> 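Input: one structure, supplied below.
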Amino acid sequence: MRVLGIETSCDETAAAIVDEHGEVHANVVASQVREHAPYGGVVPELASRAHLRAFVPVLERALEEGGTPDAVAVTAGPGLVGALLVGTEAAKAFAFARGLPIVGVNHLDGHLLAAHLRLPGACPQPPFPFIALLVSGGHTALYRVTAPLERELLGQTRDDAAGEAFDKAAKLLKLGYPGGPIVDRLAATGDPSAVELPRPMLHRRDDDFSFSGLKTAVARHVKAHAPFDDAALADLCASFQAAIVEVLAKKAVRACVREGVPRLVLGGGVAANRGLRARAATLAEEANVELFVPPLAACTDNAAMIAYAGTMAYARGDEGPFQVYSRDPGRVRGRFRQDGSLIAPKR
Ligand code: KG4
Ligand code: ZN
């Protein structure tokens, strides 16, 4: 079964065609980074308008490359409501015109299944269950993923997402947007022990995170020591990245050990971070945990992961009407039906 996936939840307009084995027949992503860069972050109304402009060309290219799909899957949330509406309405119109079934997919389920995509540089497909560390611009959470589309939230950030922390620190240092990749690059030449920064929530036993204090610590350091020469800037980036990475990697591996699930999957834009990949690899090996890291194109927002999650939704019999839901599942343990309502866990 070939599923057309459509993703417009944030600042990427994407369409892809994927089958139930994770083979990717088309994968088109149009980024809006240039539109939002002058503002140092995603401007929701600009995002909606850019999706409107980009959608048809992106869809046409996906269909040209991937052929005719058998069904449609679209990100129904969470995300920016205006941006989501462009994708869901366009997807419904396309499905109606072609007489195809349509299903709504939760964006987070897409990220959690991205390691299953057979893209160049893909890791082996992780067997279920696995622990997933989802780290992006909007989310930082640990999940226990028991089957495709079945996940239990173990813990999440209480304030900023990890990607948001990278972006805010980069903004403080006037490095540009998005900040994560820039900090990652500068950190490679810096000394991670040069600036002493906190390791928030590291010693707590739960799976929660907090990154807003780290941002404040960077702001204080900037106030006291700016301006920086190149070496001092690299040292600060390296120290900041090391603090975030240490907390993420340690707590993720610890969750694997505690849950008795020796498999860790990384997902989301921050999983592109070289420091995180390296540290997670070291800690996972020490704890006898197998690490699965998707290639960069599968980590950042894309429609292939939505299409693949769609194939799993059809496999279990989901189909039909859905609501756009923008709220994150929050601290609730359980999973969502395709209409956005909560299925309470059996505990
Ligand atoms: O998953 P994603 O593309 O979009 C969301 O769903 O949020 O993640 C984007 C986030 C941004 O905050 C960006 O700064 C961060 O991922 N990011 C990185 C790196 N590449 C992207 N953060 C740290 N290091 C990177 N190499
Ligand atoms: Zn995302």
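Here the structure is a predicted model, which is why all the values come from computation and not from measurement. In each ligand, atom 1 is the first atom listed, and ligand 1 is the first ligand listed.
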> Between Tyr177 and Lys171, is the side-chain contact (heavy atoms from CB on, under 4.5 Å) condition met? List the steps.
CA-CA 7 Å; Tyr177 171 83; Lys171 202 168 178 178; over 6 Å; no
> What's the spacing between Thr216 OG1 and Lys223 NZ if we round to 0.5 Å?
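Reported to 0.5 Å precision, the distance equals 12.0 Å.
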> Can you pull out the closest protein heavy atom to atom 24 (N) of ligand 1? Residue, atom name and distance to 0.1 Å, please.
Asn273 ND2, 2.9 Å
> Can you list the atoms of ligand 1 that are under 4.0 Å from a heavy atom of Val270?
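This gives 15 (C), 16 (O), 18 (C), 22 (N) as the contact atoms.
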> Distance to 0.1 Å, residue and atom name: give those for the protein heavy atom nearest to atom 21 (C) of ligand 1.
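It is Gly269 O, 3.4 Å.
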> Counting each atom of ligand 1 from 1 as listed, which ones have a heavy atom of Gly163 under 4.0 Å away?
12 (O)
> Does Asp301 reach ligand 1 with a nitrogen or oxygen that is under 3.5 Å from one of the ligand's nitrogen or oxygen atoms?
yes
> With 2.8 Å as the limit, count the protein N, O or S atoms near the Zn ion (ligand 2).
3
> Do the ring planes of Tyr308 and His116 sit parallel (below 30°), tilted (30 to 60°) or perpendicular (above 60°)?
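Ring orientation, 0 to 90° scale: parallel.
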> Considering Leu276, Asp167, Thr300, which one's heavy-atom position lies nearest to atom 14 (O) of ligand 1?
Asp167
> Does Glu89 come within less than 4.0 Å of Lys92, counting only side-chain N to carboxylate O?
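A salt bridge is present here (some side-chain N lies under 4.0 Å from a carboxylate O).
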> Within ligand 1, which atoms have a heavy atom of Gly137 less than 4.0 Å away?
5 (C), 7 (O), 8 (O), 9 (C), 10 (C), 12 (O)
> I'd like to know if Gly138 contacts ligand 1, where contact means a heavy-atom distance under 4.0 Å to any ligand atom.
yes
> Does the Asn302 side chain pair with the main chain of Ala298, one donor and one acceptor, at a distance under 3.5 Å?
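Yes, because the side chain of Asn302 sits within donor-acceptor range (under 3.5 Å) of the backbone of Ala298.
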> Check each atom of ligand 1 against the heavy atoms of Asp184 and keep those under 4.0 Å away; list them by number with element.
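In order of numbering, the contacting atoms are 24 (N), 25 (C), 26 (N).
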> Please say whether Gly180 places an N or O atom under 3.5 Å from an N or O atom belonging to ligand 1.
yes
> Give me the ring orientation class for His107 and His111: parallel if the planes are under 30° apart, tilted from 30 to 60°, perpendicular past 60°.
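If you compare the ring of His107 with that of His111, the planes turn out perpendicular.
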> Report the part of His111 in contact with ligand 1, treating N, CA, C, O as backbone and CB onward as side chain, heavy atoms under 4.0 Å; options are side chain, backbone, both, neither.
side chain
